[in-house]
Amino acid sequence: MAIIGIVAVAQDLAIGKDGKLPWHYTSDLKHFKKTTLGNTIVMGYSTWLSIGKALPKRLNVVMTRTKNIEYQERVLVLRRLEDAIVLSKYINGNMYIIGGSQIYRSFAHVIEKWVVTEIPLTVPDADAFMPADFLEGFTRSGTTEIGEALRVNTYTKNQ
Ligand SMILES: NC(=O)c1ccc[n+]([C@@H]2O[C@H](COP(=O)([O-])OP(=O)(O)OC[C@H]3O[C@@H](n4cnc5c(N)ncnc54)[C@H](OP(=O)(O)O)[C@@H]3O)[C@@H](O)[C@H]2O)c1
């Protein structure tokens with residue numbers, strides 16, 4: 001059981017524009033679903049709004065310091081990173097950190113593994129990015145082709 005970052009990144013490190021994903025790749029959405037199903041996903045409030053609903057068959061954790069979300073099954077609202085870390089020790093399965101950019105930055109120091117889809121594009125006027133050094137201290141541990149000219153690399157934290 002691990003805390004795992006999962007992200008799709010363009011060649012210029014862009015991950016978002018105007019509160020949305022700047023591309024649509026069915027193969028990446030399928031890969032995301034297959035990877036996270038049955039596990040816990042953790043997202044920032046902006047990403048929660050962007051997805052628009054709780055994703056099925058997963059515990060959806062939404063991080064927000066200020067907002068309230070009406071009760072619904074499968075959704076847990078947490079205010080502090082520390083609470084998410086406590087939760088990670090008691091759940092079955094992995095905790096996937098699914099973004100966006102603020103949340104990846106907040107959780108960077110506790111992420112043990114990254115699952116990264118390489119998007120073969122650059123995104124003019126993107127407004128959400130990964131930090132240039134987010135894979136520093138990690139070593140590539142696997143690569144898969146998922147179709148639509150996309151490759152997914154996994155990176156494991158160095159001991
Ligand atoms: N390419 C990808 O794989 C991918 C994945 C996910 C998202 N995205 C994109 O990324 C963009 C959104 O990223 P973003 O950085 O703007 O927003 P975000 O990280 O999704 O959410 C930011 C919000 O989360 C809350 N938050 C942040 N850090 C927190 C902490 N440590 N503790 C508690 N709450 C915390 C705050 O909510 P409050 O202000 O309510 O307190 C903050 O305003 C969108 O364009 C989205 O489509 C891309």
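In this structure, the side chains of Y25 and I146 stay at 4.5 Å or more apart for every pair of heavy atoms. Within the 4.5 Å cutoff, no side-chain heavy atoms of M95 are placed close to those of V110. Here the side chains of M43 and T64 are not in contact, with every heavy-atom distance at 4.5 Å or above. Residues I4 and I97 are not in side-chain contact: their nearest non-hydrogen atoms beyond the backbone lie 4.5 Å or more apart. Between N60 and L76, the closest side-chain pair of non-hydrogen atoms is not below 4.5 Å. Residues T40 and V61 form a side-chain contact, since some pair of their non-hydrogen atoms from C-beta on lies under 4.5 Å apart.
Counting non-hydrogen atoms of other residues, nucleotides and ligands closer than 6.0 Å to NZ of K113 gives a total of 12 or fewer. Shown here is E136, whose CD atom has no more than 12 heavy atoms of other residues, nucleotides or ligands within 6.0 Å. Residue-environment remark: NZ (K20) stays at or below the threshold of 12 foreign heavy atoms within 6.0 Å. No more than 12 heavy atoms of other residues, nucleotides or ligands shown are found within 6.0 angstrom of CD on E73. Counting heavy atoms of neighbouring residues, nucleotides and ligands inside a 6.0 Å radius, atom CG of N92 does not exceed 12 of them.
In the hydrophobic clustering of ILVMFWY residues, with side-chain heavy atoms under 4.5 Å counting as a link, F107 and V77 come out apart. I3 and L78 fall within the same hydrophobic cluster, where Ile, Leu, Val, Met, Phe, Trp and Tyr residues are linked whenever their side-chain heavy atoms come under 4.5 Å apart, directly or through other members. Under the 4.5 Å side-chain heavy-atom criterion for grouping Ile, Leu, Val, Met, Phe, Trp and Tyr, M130 is not connected to V123 through any hydrophobic cluster. Under the 4.5 Å side-chain heavy-atom criterion for grouping Ile, Leu, Val, Met, Phe, Trp and Tyr, I103 is connected to L59 within one hydrophobic cluster. Residues I15 and M63 are members of one and the same hydrophobic cluster, defined by side-chain heavy-atom contacts under 4.5 angstrom among Ile, Leu, Val, Met, Phe, Trp and Tyr.
Taking both residues in full, the closest heavy atoms of A149 and P120 are given as O-CG, 4.1 Å, listed atom of the first, atom of the second, then distance. Closest heavy-atom contact between R79 and T66: NH1-N, 3.9 Å.
Summarising the geometry, atom OH belonging to Y155 is positioned 7.0 Å from atom CZ belonging to F134; distances are rounded to the nearest 0.5 Å. Taking NE2 from H109 and NZ from K157, the interatomic distance works out to 8.5 Å, rounded to the nearest 0.5 Å. To the nearest 0.5 Å, the span separating CH2 on W114 from OH on Y104 amounts to 6.0 Å. Going from atom CD1 of I111 over to atom OG of S106 covers 9.5 Å, rounded to the nearest 0.5 Å.
Other residues sharing a hydrophobic cluster with M1 under the 4.5 Å side-chain heavy-atom criterion for ILVMFWY residues do not exist; the residue is a singleton.
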For this session: Give the intermediate values and the outcome of side chain to side chain donor-acceptor pair (under 3.5 Å) for residues Q11 and T122.
Result: CA-CA 5 Å; Q11 285 173 350; T122 55; 5.9 Å; no

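With respect to the salt-bridge test (charged N to carboxylate O, under 4.0 angstrom), the residues R151 and E145 qualify.
Using modelled atom types, one side-chain atom of T36 and one backbone atom of F32 make a donor-acceptor pair closer than 3.5 Å. A donor-acceptor contact shorter than 3.5 Å links the side chain of N158 to the backbone of G137. Not one N or O on the side chain of T154 forms a donor-acceptor pair closer than 3.5 Å with the backbone of V115. The backbone N or O of A2 lies less than 3.5 Å from a partner atom in the side chain of N94, making a donor-acceptor pair.
Pairs of residues two or more places apart, or lying in two chains, never qualify as ring-ring contact (aromatic ring centres under 6.0 Å, His included) while including a residue from residues 71-101.
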